[in-house]
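Since this is a predicted model, take the numbers as computed values, not measurements.
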Amino acid sequence: MTTAGDIMHRGAQWIPAHETLDRAAQLMRELNVGALPISDENERLCGILTDRDIVVGCVAMGHDPAKVTAGEMAQGTPRWIDAGADVGEVLHEMQEHRIRRLPVIENKRLVGMISEADLARHLPEEQIATWAETVYARS
């Protein structure tokens with residue numbers, strides 16, 4: 001059985017909710033990623049911040065990314081998957097919620113992220129096609 005832990009990208013890092021969006025953008029550049037999980041003061045998942053969130057939700061709205069925090073941008077219920085979950089559960093979670101990145105949690109701690117690229121590297125073409133059709137379909 002292939003698990004979330006088998007296909008995830010290890011070494012994902014949090015951005016604390018109190019950090020500003022300019023710091024988040026710097027961390028994204030350093031890590032070469034387009035999304036960061038947002039953690040509360042107890043290092044628990046409270047959201048996900050994307051590069052698009054920073055541009056569209058802050059900069060394009062005329063706000064200063066040096067004054068807006070990651071926590072202020074967190075919206076909705078964050079989705080995640082346990083490291084031991086079967087890859088079928090991973091696909092279901094991402095398809096059900098139409099998401100492209102999924103934090104992987106083990107013992108209540110962030111251990112990795114699963115992105116589109118991770119799926120493409122580890123799954124058969126047929127599974128990727130079904131996933132993409134669902135996630136990218138217009139609602």
Side-chain angles (χ1 to χ4, degrees):
M1 167 179 91
T2 304
T3 67
D6 295 330
I7 67 169
M8 72 180 180
H9 175 81
R10 294 194 175 277
Q13 291 186 28
W14 300 108
I15 185 79
H18 63 52
E19 286 286 356
T20 58
L21 297 185
D22 61 341
R23 177 63 192 127
Q26 293 164 3
L27 187 55
M28 286 179 189
R29 182 190 64 223
E30 290 167 17
L31 298 173
N32 193 31
V33 298
L36 294 169
I38 304 169
S39 69
D40 65 15
E41 62 278 354
N42 297 314
E43 290 194 357
R44 302 294 168 107
L45 182 67
C46 65
I48 293 187
L49 179 68
T50 67
D51 47 7
R52 187 177 192 282
D53 293 333
I54 296 170
V55 173
V56 174
C58 179
V59 177
M61 299 296 287
H63 302 295
D64 182 352
K67 295 182 180 172
V68 178
T69 66
E72 291 174 278
M73 296 298 291
Q75 297 176 9
T77 303
R79 308 309 307 180
W80 58 274
I81 196 89
D82 185 85
D86 180 77
V87 73
E89 293 175 62
V90 171
L91 292 171
H92 175 77
E93 185 72 15
M94 293 175 86
Q95 288 171 313
E96 177 77 17
H97 300 285
R98 297 183 68 195
I99 55 178
R100 298 175 187 135
R101 298 171 183 99
L102 189 61
V104 181
I105 306 292
E106 187 173 58
N107 298 322
K108 299 183 181 180
R109 297 290 177 230
L110 177 71
V111 293
M113 287 280 279
I114 296 174
S115 68
E116 296 164 295
D118 298 314
L119 297 178
R121 274 193 296 277
H122 294 94
L123 300 179
E125 208 171 284
E126 186 177 293
Q127 277 185 307
I128 298 299
T130 302
W131 175 85
E133 185 177 316
T134 304
V135 170
Y136 288 106
R138 294 190 186 264
S139 42

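- Both M73 and V33 belong to a common hydrophobic cluster when Ile, Leu, Val, Met, Phe, Trp and Tyr are linked at side-chain heavy-atom distances under 4.5 angstrom.
- Between D40 atom CG and W14 atom CH2 the span is 8.0 Å, to the nearest 0.5 Å.
- Between I81 and M8 the shortest side-chain heavy-atom distance does not fall below 4.5 Å.
- Side-chain atoms of L36 and M28, non-hydrogen and from C-beta on, do get closer than 4.5 Å to each other.
- To the nearest 0.5 Å, atoms CZ (R101) and CG (D118) are separated by 11.0 Å.
- Counting all heavy atoms, side chain and backbone alike, V90 lies closest to A4 at CG2-CB, 3.6 Å.
- Considering all non-hydrogen atoms of both residues, G84 and T3 come closest at O-CG2, 3.7 Å.
- In the hydrophobic clustering of this structure, V68 groups with I54; members are Ile, Leu, Val, Met, Phe, Trp, Tyr whose side-chain heavy atoms approach within less than 4.5 Å, directly or through other members.
- Taking each heavy atom of I38 and A17 in turn, the nearest pair found is CG2-CA, 3.7 Å.
- Contact annotation: the side chain of T130 never approaches that of L91 to less than 4.5 Å [non-hydrogen atoms, C-beta and beyond].
- Within 6.0 Å of atom CE in M1, more than 12 heavy atoms from other residues, nucleotides or ligands are found, so the atom counts as buried in its surroundings.
- The closest donor-acceptor contact from the side chain of E19 to the backbone of P16 lies at 3.5 Å or more, if one exists at all.
- Here the CD atom belonging to Q13 is positioned 5.5 Å from the CG atom belonging to L27, to the nearest 0.5 angstrom.
- L119 pairs in a side-chain contact (heavy atoms from CB on, under 4.5 Å) with only one of the listed residues (Q127, R100, M94), which is M94.
- Of the possible donor and acceptor atoms, none in the side chain of N107 sits under 3.5 Å from a partner among the backbone N and O of R109.
- Annotation for E125: atom CD does not count as buried by contact number, only 12 or fewer foreign heavy atoms lying within 6.0 Å.
- Residues P37 and M113 form a side-chain contact, since some pair of their non-hydrogen atoms from C-beta on lies under 4.5 Å apart.
- Side chains of H97 and L102 form no contact here, defined as non-hydrogen atoms less than 4.5 Å apart.
- Smallest separation of non-hydrogen atoms from G47 and A74: CA-CB, 4.2 Å.
- Side-chain contact between E72 and L21 is absent, with no heavy-atom pair separated by less than 4.5 Å.
- Annotation for I15 and A70: closest pair CG2-CB, 4.1 Å, computed over non-hydrogen atoms.
- In terms of hydrophobic clustering, with Ile, Leu, Val, Met, Phe, Trp and Tyr side chains grouped at heavy-atom distances under 4.5 Å, I99 and V87 are assigned to a common cluster.
- Cluster membership for W80 and L49, using ILVMFWY side-chain heavy atoms within less than 4.5 angstrom, is not shared.
- Of the possible polar contacts, none joining the N42 side chain to the R44 backbone as a donor-acceptor pair under 3.5 Å is found.
- Linking ILVMFWY residues whenever their side-chain heavy atoms come closer than 4.5 Å, directly or via other members, leaves V111 and L45 in distinct clusters.
- The two residues G57 and M61 make their nearest non-hydrogen contact at O-CG, 3.6 Å.
- Side-chain contact between T2 and H122 is absent, with no heavy-atom pair separated by less than 4.5 Å.
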